Engineer: 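Pasting a structure below so you can have a look.
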Amino acid sequence: MKEFWKRFRYNRGAVIGLVILALVIATAIAAPFLFPQSPWKMVQRPFLPPFTDDTLWLGTDALGRDVLSGLAHGAYVSLLVGLVSTIVALAIGVPVGALAGYFVGRTDDILMRLTEFFQTIPSFALAIVLLAIFQPSLTYVIIAIAVVSWPPVARLVRGEVLSLRTREFVEAATLSGLGNDQIILRHVLPNALPAIVVLASLMVAQAILLESSLSFLGLGDPNIMSWGYMIGAARTVIRTAWWLSFLPGMAILLTVLALNLIGEGLNDALNPRLTRKSE
Amino acid sequence: MLRFILGRLVKSVFILLAILIFNFLLIHAAPGDPAAVMAGEAGAADEKFLADLRTRFGLDQPLYIQLWTYLKGAVQLDLGFSYRQQMPVAELIATRLPATLLLTGVAFLLSLVLGVIAGVAASARQGSWGDTIISTLALLFYATPLFWVALMASLVFSVWLGWLPGFGYSTIGAGYTGFAHVLDVAKHLVLPATTLGLFFTAIYMRMTRSSMLEVSRLDFVKTARAKGLRRSVIQRRHILRNALLPVITLAGLQAGQIFGGAILTETVFAWPGIGRLMFEAINQRDYAVILGVFYISGAMVLLFNLITDVVYVIVDPRIRLTK
């Protein structure tokens, strides 16, 4: 663990990412306390520019809603959707990949064709189709994102399992009479964990981008304030109040950037063999 | 090589079929009457239209016969009728498709060329200022929401600076013909194509850079160096050619993403393609159009994949030579 932390710290970008993410998480947690009022509530005249009112630092939007409150509540939604949809995607992708890689042959063929299908079809369009047909609610947004983001997990896990299953410790486990499920769960998957963790951190970032794109198009949960929705709503007034689109976009950019940086840091720290080669 | 391409073609046909079956299942999985789903938001269509739909798709028949009717229609490019637009979906898509092909094609090429050039430049001087700047930019572009870059670009370059048009496909009412028209469209294309390409430029740059660095450590490069070949020759002939393979594979895989991005850029720039059509259809809950665009976009992605396969064969002689 100490070794891990040392290598992680060595990557300056990753540390910056960690600081930014910590700020975003703090904002998300503090949002209901700092801004107990609903972010949908009108608090002042519309189009109040930023830094002109002592209580409303970032001004108000086209309907007189507090922009800072919207950003804070949006942070919570972004992180929640990013995290939960990644967990769901892992719950689909890890078993698919593990089964395909461990049992090879026909199981592998069928599962990989399925994975390929989901990887080939335009994923964003698929998410749109799912949300348009089922009603857009937070649950369905999360499901739609998970459905389009599990294939890379399955491929990665399959590859890892394929290379692990012929190793001696797996043979030893088989000889000692362990069942397939025990071998996969206890011996094969833990060894694939570092690669999964790195991919997962990058997936959270992509999920946040995806959620914001869907909300921007009006396919988000209509009852929840999110960064993508804020940009979509401010789009028509961009000539007169550009900051209403600019600020939530910066929030998305920083959060996603932070997660990507952390992902790279984790990669350096967890798979040192791969990265140090280039130095 | 022909067999390789043919194999890919057969696979594409199966994927298209799978998309159609998927669409069909979705219509039936949706809450409510499938006829109402196909017609648009419940209550939007009149009874006669719903009755027509029921007979046409045999909605009173068993499911497998319905599926057969649906597939037969789709293969003949009958994608249903848009009640909202009072037009067959296939016709709607056909009028919008060229604009999307132009936008995605240009963005795809642009990002690939720019990404590879930037990646090669960055890897040639690893750790230098140039490398740091290029890598940082790639990191930023990779984290930027596409629709937001598009909005900001139209704000800066169109609204504030007035350099480029930020709206539509051509100047309305200008009546340009010939070269003037081409130039006009090209001007309208600059902002949508660059903003759509940015994210992908970042991906290809990172891939090219790491792939170049990886290949340059291989033994045959050392041999080439030992033979006394010039650095530029090694870079171009030996390293780049091998390093490009994973980039091309990735580009093929990313084709679907480019179309997804096009939905967003077309929406922001009012580009009259099928992405914009999908956005309009979302707002009107026009399911026939949404599913039709989804199907056609799948076909488009497979076409892009096929093109990258051919390029792959050209770059990698190993596939060309094995039968």
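Nothing here was measured: the structure is a model prediction, and the numbers come from that model. Within every chain, numbering begins at 1; the chains are lettered A, B, ... in the order of the sequence lines, protein sequences first and strands thereafter.
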Engineer: With only heavy atoms counted, which part of A:P151 is less than 4.5 Å from chain B, the side chain, the backbone, both or neither?
Structural biologist: neither
Engineer: When rounded to the nearest 0.5 angstrom, what distance separates CD1 in A:I121 from OG in B:S297?
Structural biologist: 9.0 Å
Engineer: So which part of A:I208 gets closer than 4.5 Å to some heavy atom of chain B, the side chain, the backbone, both or neither?
Structural biologist: neither
Engineer: Specify which of B:W160, B:F259, B:F294 makes the most heavy-atom pairs with chain A at under 4.5 Å.
Structural biologist: B:F294
Engineer: Report which part of A:L130 has an atom under 4.5 Å of a heavy atom belonging to chain B: side chain, backbone, both, or neither.
Structural biologist: side chain
Engineer: Tell me, yes or no, whether the heavy-atom count around B:R125 atom CZ, taken from other residues, nucleotides or ligands under 6.0 Å, exceeds 12.
Structural biologist: no
Engineer: Given that the side chain runs from C-beta out, which part of B:I19 has a heavy atom under 4.5 Å from chain A: side chain, backbone, both or neither?
Structural biologist: both
Engineer: Side-chain contact, heavy-atom cut-off 4.5 Å: B:I290 with A:I133?
Structural biologist: no
Engineer: Measuring from B:L155:CG to A:R235:CZ, what's the distance to the nearest 0.5 Å?
Structural biologist: 13.5 Å
Engineer: Contact part of A:I128 toward chain B, heavy-atom cut-off under 4.5 Å: side chain, backbone, both or neither?
Structural biologist: side chain
Engineer: Can you tell which part of A:L259 gets under 4.5 Å to a heavy atom of chain B, answering side chain, backbone, both or neither?
Structural biologist: neither
Engineer: Considering only heavy atoms, give the residues of residues 137-149 of chain B separated from chain A by less than 4.5 Å, sorted numerically, with 'none' for an empty result.
Structural biologist: B:L139, B:L140, B:Y142, B:A143, B:T144, B:P145, B:F147, B:W148
Engineer: Working to the nearest 0.5 angstrom, can you tell me the gap between B:M152 CE and A:L253 CG?
Structural biologist: 11.0 Å
Engineer: When only pairs under 4.5 Å are counted, which of A:G13, A:G218, A:S213 shares the most heavy-atom pairs with chain B?
Structural biologist: A:S213
Engineer: About how many Å separate CD of B:Q257 and CD of A:Q119, when rounded to the nearest 0.5 Å?
Structural biologist: 9.5 Å
Engineer: Count the heavy-atom pairs under 4.5 Å between each of B:N23, B:V268, B:L151 and chain A, then report the option with the highest count.
Structural biologist: B:L151
Engineer: Please examine the side chains of B:F22 and A:V129, heavy atoms only from C-beta on, and report whether any two atoms are closer than 4.5 Å.
Structural biologist: no
Engineer: What's the separation between atom OG in B:S158 and atom CZ in A:R239, rounded to the nearest 0.5 Å?
Structural biologist: 6.5 Å
Engineer: Find the one option among B:L264, B:N305, B:V159 whose heavy-atom pairs under 4.5 Å with chain A are most numerous.
Structural biologist: B:L264
Engineer: Tell me the closest heavy-atom pair linking A:F117 and B:A18, and the distance in Å.
Structural biologist: CE1-CB, 3.4 Å
Engineer: Is chain B contacted by the side chain of A:A205, its backbone, both, or neither, given a heavy-atom distance below 4.5 Å?
Structural biologist: neither
